[in-house]
Amino acid sequence: MYPISPLYADLLRKPDREFKVKVNVNGKEYDNRTIVDFVIENDLSGMNEFTIGTAIPSKLVITMRIFDEIPANAKFVPFVALSTASMTWNEATYPWNQMNVPWDGSGTGWLPLGEFYVDSREKLNDVWTFTCYDKLVFADQAYVSQLTYPTTQKAVWDEIIGRLGWTYDSSVVINPSYTIQAGPAGYSMRQVLAYIAGANNASIYINKAGTLKFKRFSASEQPVFRMTLSDYIRAKQTNPVKMYNRVVVTYNTEDQLTYEAGSGDENHTLYLENPFATQAITNNLLASLNGFAYLPLQMDARGFPQLEQGDIIGFEQDDGATWLETVTAWKDTHIPWNGIREYKSIILHQSFGFKGGLKMSIEAPSVSEQQSEFQVDGTLTTAVNNLNKTSVKFNKPYYGVSHSRTDGIVVQREDQLSKAVFNSDELSFYANGQRALWFDLPNRKFKFSGTLEGVDGRFTGTIEGGSFIGGNIQIGNNFNVNNAGIMTAVDGNFRGNITASTITGGQINGTDITGVTVTGSTISTRSGNSKGIVLNSGWADLQVYSGVSGIGLTFAIEDLANDAGLWFARDGRIRAGRAIHLDAPNGVFVNGVQIG
């Protein structure tokens, strides 16, 4: 129930109350002179009996004599107030210091009746009729979550509310242990919000101030408002008192998989559909709802605008029974002395209508016991039910698999992170909306984007690729390249150049009559100080090492002071005075002395 002042509550009970109304349209106000009438409908069930886990938009139909241009999706906020012109101080039913009655009799404060947005309009002469809905309709858009699953229901709730830019109050309490295992693909935001509310024993509605709220239910809940015989025109009981002591939750509608808690017949069973349900959630629902009861009724009453959908109300009713009419023993007869009984019910559907005055209608429907026990289907209904059970329908998912004329067979995860498409033209696997592996039909090639990884693989034909990054490359038993870049092979044939810092081996063979050409700075057969031969390109000499004490003999072709020739030296030092110099034109020189 929406909070109001004691003054407002007192004036609502007066038989001669006088209402004033206005509506704010995108910031501009229109009063009684413009408003012809309006009707506001609030619904918490949407069915012919009580249920939970609903999120039904409220509806406003308002007729106005207006000449202004009202834009699309304009925001309508109707208000109602009560005039205090006829009220006197001695009529107050509460202490004088709480009255706050304006001295000029101008009226109470304005009570909002909700926030609505234009959906459609029509005009007759100069009178416009606008049909509007509250902001729950803006949640009728696909929900694609960015969360990592599994995650909590609270995290999903906050992600949706954040995207919509809404606010909610303390009535929204979500069990922190309740989780959602996979992204709820294929559902709208409003559906997901409703499922979360249902799992937490609640339904969703937007209150008169535009705030998102939970309406929770329990067997121990007491009426928030009581009506006397003078507050309503007619109260019609439509069925016996409805009570629930068993809960059945369908979490898979395709295969009719359910969780159950409690015991009872069909007339005392609450049926729900909720894909987020678990056995623990079902048990908790029963703990709150076991024994929940209400009187099914239809009531026409004076308008009490503070009442909201889901409110538990109490009301008096004169049954007309007297002691003289009883047929039971006095000890078993329970008749009030004044003949007036107290009843309790719930507002599942509510309608406010203003046309000079404010009237209200309330409904709390239920399915009769006989109807719930004996459901007789006609031949057409039976045929349709059988068809629904046995047929495969286009674009309807079955455990993530759907069939359509355009895509053929589509297999998709609930959170849409992966998808597979199979038809005669396409064989594709998608990751995050992008093709990851597919068959290129015109080119007869399989393609993939990303990394190909496997424990073992065998290929025939030709493998073409750009870069190979990973572990070892193994071909047969005699060729291997490890991830450090070391290649091992038995034989190798190369064309072109081989470039390396060190070549280690037993033999180098030439392939033509010129032999092997080795180009470099030094060629050595030594290891450490052992004997051997060194070819030194820097000195252009041949050094022979004896392995005993340094160099044994050096042969060199030098150009010392332009005196070219062949030189021999014992200690490897080529000097004109310490070597044998063979100069073909001039003879032989030993230690610089010509001897021939």
Side-chain angles (χ1 to χ4, degrees), residues 1-24 29 31-32 35 38 40 42 44 58 77-115 169-171 205-211 213-216 220-233 235 299-317 338 340 342-347 350-354 356-362:
M1 186 170 69
Y2 194 80
I4 59 175
S5 67
L7 172 63
Y8 211 122
D10 200 44
L11 288 172
L12 284 172
R13 299 284 188 178
K14 289 176 61 67
D16 58 345
R17 60 186 186 172
E18 180 182 351
F19 284 98
K20 300 190 298 182
V21 295
K22 68 177 182 179
V23 62
N24 185 302
E29 291 190 349
D31 58 18
N32 297 51
I35 301 172
F38 64 76
I40 297 174
N42 304 315
L44 202 68
S58 293
V77 183
F79 294 86
V80 64
L82 285 164
S83 172
T84 58
S86 62
M87 184 174 185
T88 61
W89 288 84
N90 58 3
E91 292 179 307
T93 59
Y94 46 87
W96 66 271
N97 60 349
Q98 298 179 18
M99 285 189 61
N100 297 322
V101 179
W103 291 100
D104 59 359
S106 59
T108 62
W110 291 99
L111 173 66
L113 298 179
E115 296 180 356
D169 65 8
S170 59
S171 66
Y205 72 99
I206 305 295
N207 77 345
K208 300 180 188 299
T211 301
K213 294 181 69 71
F214 266 11
K215 172 55 190 176
R216 306 175 72 89
S220 60
E221 187 174 3
Q222 296 302 310
V224 297
F225 185 79
R226 297 184 181 275
M227 289 189 179
T228 66
L229 293 173
S230 61
D231 290 328
Y232 65 89
I233 303 168
M299 175 183 284
D300 295 321
R302 306 172 73 207
F304 292 95
Q306 74 272 36
L307 294 180
E308 296 181 309
Q309 59 269 49
D311 283 344
I312 303 295
I313 62 170
F315 64 95
E316 300 176 347
Q317 191 167 39
N338 59 1
I340 297 176
E342 291 281 344
Y343 293 94
K344 183 176 78 170
S345 191
I346 183 173
I347 301 177
Q350 176 181 251
S351 176
F352 289 108
F354 174 81
L358 188 67
K359 66 178 182 179
M360 177 180 68
S361 66
I362 293 174

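Here the side chains of Phe38 and Leu113 are in contact, with some heavy-atom distance below 4.5 Å. Residues Gln309 and Ser58 have side chains in contact (heavy-atom distance under 4.5 Å, counting atoms from C-beta outward).
Not one N or O on the side chain of Arg17 forms a donor-acceptor pair closer than 3.5 Å with the backbone of Leu11. Checking side-chain atoms of Glu308 against main-chain N and O of Gln306 turns up no donor-acceptor pair under 3.5 Å. Side chain of Asp311 to backbone of Ile313: no donor-acceptor contact under 3.5 angstrom is found. Not a single donor-acceptor pair under 3.5 Å links the side chain of Ser351 to the backbone N or O of Ser361. With hydrogens and angles ignored, the 3.5 Å screen pairs no side-chain donor or acceptor of Lys215 with any backbone N or O of Leu44.
Met360 CE to Ile347 CD1: the interatomic distance, rounded to the nearest 0.5 Å, is 6.5 Å. Here the CD1 atom belonging to Ile4 is positioned 10.0 Å from the CG atom belonging to Asp10, to the nearest 0.5 angstrom. Here the CG atom belonging to Leu111 is positioned 9.5 Å from the OG atom belonging to Ser5, to the nearest 0.5 angstrom. Here CE of Met227 is found 9.5 Å from OH of Tyr232. Values are rounded to the nearest 0.5 Å. Here the straight-line distance linking atom CD of Glu221 with atom CD1 of Ile346 works out to 7.0 Å at 0.5 Å rounding. The CG atom of Asn42 sits 6.5 Å away from the CZ atom of Phe352 when rounded to the nearest 0.5 Å.
Shown here for Gly314 and Pro223, the closest heavy-atom pair between the two residues is N-CB, 3.5 Å. Pro305 and Leu358 get closest at one heavy-atom pair: CD-CD2, 3.8 Å. A pairwise comparison of heavy atoms in Tyr8 and Gly109 identifies CE1-O, 3.4 Å as the closest pair. Minimum interatomic distance between Lys208 and Leu307 (heavy atoms only, all atoms of both residues): NZ-O, 3.4 Å. Heavy-atom minimum distance, Trp110 versus Ala81: CE3-CB, 3.5 Å.
A distance below 6.0 Å separates the ring centres of Phe304 and Phe225.
Remark: Lys22 NZ is packed, more than 12 non-hydrogen atoms of other residues, nucleotides or ligands lying under 6.0 Å away.
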- I would like to know whether Phe79 and Asp31 meet side-chain contact (heavy atoms from CB on, under 4.5 Å); could you show each step before the answer? CA-CA 9 Å; Phe79 294 86; Asp31 58 18; over 6 Å; no
- Message: Glu342 vs Arg226, test: side-chain contact (heavy atoms from CB on, under 4.5 Å). Steps then yes/no.
- Response: CA-CA 9 Å; Glu342 291 281 344; Arg226 297 184 181 275; 3.9 Å; yes
- For Asp169 and Lys213, what are the C-alpha separation, side-chain angles and deciding distance, and is it a salt bridge (Lys or Arg N to Asp or Glu O under 4.0 Å)? CA-CA 6 Å; Asp169 65 8; Lys213 294 181 69 71; 2.5 Å; yes
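A parallel orientation is assigned to the rings of Phe315 and Tyr343, their planes being inclined by less than 30° (bins at 30° and 60°).
In this structure Glu115 satisfies the side-chain hydrogen bond (donor to acceptor under 3.5 Å, both in side chains) test with no other residue, sequence neighbours excluded.
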